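Below you'll find the structure, written out as structure tokens, and then a few comments.
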Amino acid sequence: MLTLFVDYTIAKVTIGAVLLGIISGVLGSFAVLRQQSLLGDTLSHAALPGVCIGFIIAGTREMASLMAGALATGILAALAVLVITRRSRLKTDAALGITLSVSFAIGVVLLTYIQGTGNASQGGLDSFLFGQAAAILRHDLWIMAGITFAALALVTALWKEFKLVVFDPSFAAAMGLPVVALETLLTVMIALAVIVGLQMVGVVLMASMVIAPATAARQWHERLGPMVVSAAAIGVTAGVVGALISAQGQGLATGPLIVLCAAVLVAISLLFAPRRGLVEEAVERWRGRRQLEDRQVLSTLYGLARRHQDPRFSAERGFVDAYYGVRTRKALEALHAQGLVDRFRAEPDEAEYWELTEAGVEEAERLLADIKGRRA
Amino acid sequence: MADALHEPQLALHVEDLTVSYQNKPVLWDIDLDLPPGVMAAVVGPNGAGKTSLIKAILELIPSLAGHVRILGKPYRQQRGRVGYVPQRSAVDWEFPTTALDVVTMGLYGRLGWLRRPGRREREEAMQALEQVAMADFAHRQISQLSGGQQQRVFLARALVQQAEVYFLDEPMAGVDATTERAIVNILGELRDAGKTIIVVHHDLQTVRTYFDWLVLLNVGVVAQGPVSEVYTAANLRRAYGGQVALLEGNGMPADKPTPPDPQRDQTGDVF
Amino acid sequence: MLASLMERIPVMIMVTGALVGMAGTLVGSFLVLSGRSMLSDAISHSIILGIVVVWLLTGQQTGPIQTIGAAVTGLLTVFLTQALVRTRRMRNDAAIGLVFPVFFALGVLLLNVYARDVHIDEHTVLLGEIGFIWLDNITIAGYELPRSLVAMSAITLVNLLFVGVFYKELKLATFDPMLARALGFAPGVLSYGLLLLTSVTAVAAFDAVGVILFVAFVIVPPATAYLLTERLWLMLVIGCLVSVIASVTGYILANYWDVSIGGMMAVMTGVAFTLAFLLAPRHGLLPRWWRARRDAAHNRAAIDDSAEAKRPS
């Protein structure tokens, strides 16, 4: 009996997490690419007053009305951000911060108002703050699924229009696309993703579900299509793993666990993705820096030789160092290993002299031609 | 050794300056020598590293190698003798402050930490505003000024610094003709007073009328020297590559505005 | 005795609220002007981890050392965010939105595990308990004062000193960081100082207003003031005034409707902002709309006049 109950809970939580992962991954991709990462943060905080209003109107903790309320206030908040940035001297960051904090404050006031009315069924409204996946009802899942599939259907139907609006809104406008309408639609759908996440991660941490899967997915892909699919997959993974740990019943809130799972996936992607990974970049940069130094020293030797009208002009290392203000030993050794320079010591003063080999002269000339080529 | 004067007879001496962004060289092996008392234009195509050059000289961006001497000493020791005018777009003109206050900021370097600007500073700032014919706008909020007026305020801010070497980043970009002439006149007066002016400039047409020294830049220094010697078709071609075709009349740089040219749209940023 | 205490409590609550707003305004003005408002959101969420960790380590939640220790997490968030931006793999806003939820999530989970029955529960984290600050008193010079009030007074003073002493440097670094650097004022150091104080303020205000309402006290009064003035110092003064007004009216309305005091105070900052947004003489929506209409009418009249003049008589 107990196992049956646990299995049932786990099934519910898993389905919820899958739905959340899909919708937040897909719509988050658009939000992040449109440089509206923190809009999700504002919209999710703005869902709190909506939930409360939904509760006050419906009189019960009935998901459909709470979600409708959250959607309404989410859209209002998006509108507020837009109006503040368009119609005042304040910039987006301030508009987001003002809307986020003031609408959350309204939510807090309404929450305490509901508590004050002593409505018996108010218990559980605060679970929307941090999420409580285990409390999801089967009926709620139907609504979440409906929203997710509706959003997916819209994205699929308007795929190329959305893509164009994200990458080049002015070109899209020139093509005659209704850019404002499409952008509004994308924003409304972020509000939809937020309400799907209400019970899973709660309003405070929803920002992470919008940003993290998309950012992780961006690491692996250069094209929008695969990126969106990966973002959904990453969102699903984080959601399911986090929700399952939470459902073990240790009293750990679902939202934070999902967020931490997503963060781990982001960290892995940031570090180890091919091409865009930071590890690969660090190696490349180290190599490139060495090469750049080598090339610089080579061109200095070449320049000196030219100035002295002697292709085999030999320079003392101390002189090259001074010319540069940096130690050139390593670079000279590396060039030597490539057969581009030669070393010899002049007996009396024990100093180290370097000169270009024939290959070195050629390489230096090629290098300078290269830089000139860049100018053309 | 480090404190000894190095090339003291030069206003600006740059040796082997290399700046890279990631692994791409932005400035490569720059050698520059500027005598004092010249008004120099730094000119080159987009992405030539003009702004980077000034920023690297003023140590606002790190350089990979090379060294810089201003009047014989490193920049850090010469801050008080250097004036800097960043691009107008580098700041937020909605900032709640007045034109006079922005000009006063030029004196902060002299004041140092903690000391507040007082009446004397405000009077100096006011004088500088008069010099750029902006005294009437001293107490205007800066967002209410036109682009040209904003640029004059920036110039006044540089004037109060009473520097010996001035760096200006595109001071003539997007200003009206009157302001451009006013700026050129003031810079000319400074030059005549023995100051050295280094201007990142975008308009090849006016180089010969405004400046007496020219640095052609494209990642490396293509040519430098008196305008009369450096402003040649060959040098310009080397700096601008194919784009210079637009400039040439009969093998020599045009001194009239170029006639409309179908190519102009594609390479319009040169002008 | 009881009557005088009852009289004092509302005053103390209002003063504490006003101090949160004033301390917040002093640092928040510079954040708003430099386009970094959302850092206050990131910092205030992140300090919860610091507060919990400090509490686990020392068994104390308040005190100067605890406050600074907890504030370090706020600074760490900023640092990590900037490190992520420097990788050039994401934009600033995405980096902010990635880092602070992680800190916050860790804090909440630690609370779940270790602190289920202490007074820093999830509710306090989010909402604060400004109505109950008088339950935790300390005695200073014979007066029994709420700990929150004392802490907020101290940090307000510190912020005031910081802004007062470095006013010129902060102004230059905010307006033109490049020139600030060229002149040898270290804008980076100043900015970290500002953010450290933002963190410390957030920790000190935590008991009273929680971590999210704090954002309202830091961002909204300066933003309101920004619409009302063209002078930086006036912006700071007006921001502080807005905080005081919001605290007093917020307290009165919260009592009247019997709702969250901290929440109502934050809502009132929003009301002040809305009024400024609509009615500010120069930047307000309605005065601008009215001026535009007047100018249009004026122009139309001028056109009509000239048409009139041209008509052959």
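Because the structure is predicted, anything quoted here is derived from the model rather than measured. Residue numbering restarts at 1 for every chain, and letters A, B, ... go by the order of the sequence lines.
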ask   = Okay, side chain of A/Asp93, backbone of C/Ser37: is any donor-acceptor separation there less than 3.5 Å?
value = yes
remark   = On a heavy-atom basis, the closest approach of A/Ser37 and C/Ala94 is OG-CB, 3.4 Å
request  = Counting only heavy atoms closer than 4.5 Å, note whether C/Leu84 contacts chain A via side chain, backbone, both or neither.
outcome  = side chain
query = Among C/Val220, C/Leu109, C/Val102, which has the most heavy-atom pairs under 4.5 Å with chain A?
reply = C/Leu109
key: Side chains of C/Arg88 and A/Glu281 in contact at under 4.5 Å (non-hydrogen atoms)   = yes
message = Could you tell me if the side chain of C/Phe277 sits less than 4.5 Å from the side chain of A/Val83, heavy atoms only?
response = yes
Nearest atoms (heavy-atom pairs only) where A/Ile106 meets C/Val267 = N-CG2, 3.6 Å
Separation of C/Phe100 CZ from A/Ser208 OG (nearest 0.5 Å) = 8.5 Å
ask   = Among C/Ile96, C/Leu227, C/Val99, C/Asp258, which has the most heavy-atom pairs under 4.5 Å with chain A?
value = C/Leu227
message = Does atom CZ (A/Phe167) have a neighbourhood of more than 12 heavy atoms from anything else shown, all under 6.0 Å?
response = yes
request  = Give the C-alpha distance, both sets of side-chain angles, the deciding distance and a yes or no for side-chain contact (heavy atoms from CB on, under 4.5 Å) between A/Leu205 and C/Phe104.
outcome  = CA-CA 8 Å; A/Leu205 289 169; C/Phe104 188 76; 3.6 Å; yes
query = Is the number of heavy atoms from other residues, nucleotides or ligands within 6.0 Å of CZ (A/Arg34) greater than 12?
reply = yes
request  = Please round to the nearest 0.5 Å and tell me the distance separating atom CG of C/Leu33 and atom CG of A/Leu90.
outcome  = 9.5 Å
query = Which one of A/Thr99, A/Val102, A/Thr42 has the most heavy-atom pairs closer than 4.5 Å to chain C?
reply = A/Val102
request  = Please flag which part of C/Leu285 lies under 4.5 Å from any non-hydrogen atom of chain A: side chain, backbone, both or neither.
outcome  = side chain
request  = Compare every heavy atom of C/Val108 with every heavy atom of A/Pro256, then report the nearest pair and how far apart it is.
outcome  = CG-CG1, 3.8 Å
query = What's the shortest heavy-atom distance between C/Gly97 and A/Ile211, and which atoms?
reply = CA-CD1, 3.4 Å
task = Heavy-atom distances under 4.5 Å only: say whether A/Val109 touches chain C with side chain, backbone, both or neither.
result = both
ask   = Can you say whether C/Arg89 sits under 4.5 Å from chain A via the side chain, the backbone, both, or neither, judging by heavy atoms?
value = both
inquiry  = Can you tell me how far apart CG (C/Asp93) and CG (A/Leu39) are? Round to the nearest 0.5 Å.
reply    = 10.0 Å
A/Gln219 versus chain C, the contacting section by heavy-atom distance below 4.5 Å = side chain
message = Quick check: do C/Met38 and A/Leu100 have side-chain heavy atoms less than 4.5 Å from each other?
response = yes
key: Minimum-distance pair of heavy atoms, taken over all atoms of C/Val32 and A/Ala94   = CG1-CB, 4.4 Å
request  = Nearest 0.5 Å please: distance from the CG atom of C/Asp41 over to the CG atom of A/Leu96.
outcome  = 9.5 Å
ask   = For C/Arg36, is it the side chain, the backbone, both or neither that has a heavy atom under 4.5 Å from a heavy atom of chain A?
value = backbone
inquiry  = Is A/Leu110 close to chain C through its backbone or its side chain, or both, or neither, when contacts mean heavy atoms under 4.5 Å?
reply    = neither
ask   = A/Ala80, A/Ala207, A/Gly255, A/Ser88: which one forms the most heavy-atom pairs within less than 4.5 Å of chain C?
value = A/Ser88
task = Measure from the side-chain N and O atoms of A/Arg218 to the backbone N and O of C/Met90, and report whether any donor-acceptor pair falls under 3.5 Å.
result = no
note = Assert top hit (heavy-atom pairs under 4.5 Å, partner chain C, pool A/Val210, A/Ile84, A/Val32) equals A/Ile84
query = In Å, rounded to the nearest 0.5 Å, how long is the span from OG of A/Ser101 to CG of C/Leu213?
reply = 8.0 Å
query = With no hydrogens and no angle check, is any side-chain donor or acceptor of A/Arg87 less than 3.5 Å from a backbone partner on C/Gly284?
reply = no
query = With only heavy atoms counted, which part of C/Ile261 is less than 4.5 Å from chain A, the side chain, the backbone, both or neither?
reply = neither
Pairwise distance CG(C/Asn92) to CD(A/Gln35) - rounded to 0.5 angstrom = 11.0 Å
Shortest non-hydrogen contact from A/Ala105 toward C/Ala266 = CB-CB, 3.4 Å
query = With respect to chain A, which residue among C/Ala95, C/Gly28, C/Pro101 yields the maximal number of heavy-atom pairs within a distance under 4.5 Å?
reply = C/Pro101
ask   = Do A/Val204 and C/His45 come within less than 4.5 Å of each other through their side chains, counting heavy atoms only?
value = yes
key: Donor-acceptor contact below 3.5 Å, side chain A/Thr112 vs main chain C/Ser260   = yes
Largest heavy-atom contact set with chain C, pairs under 4.5 Å, which of A/Leu38, A/Asp41, A/Thr92 = A/Leu38
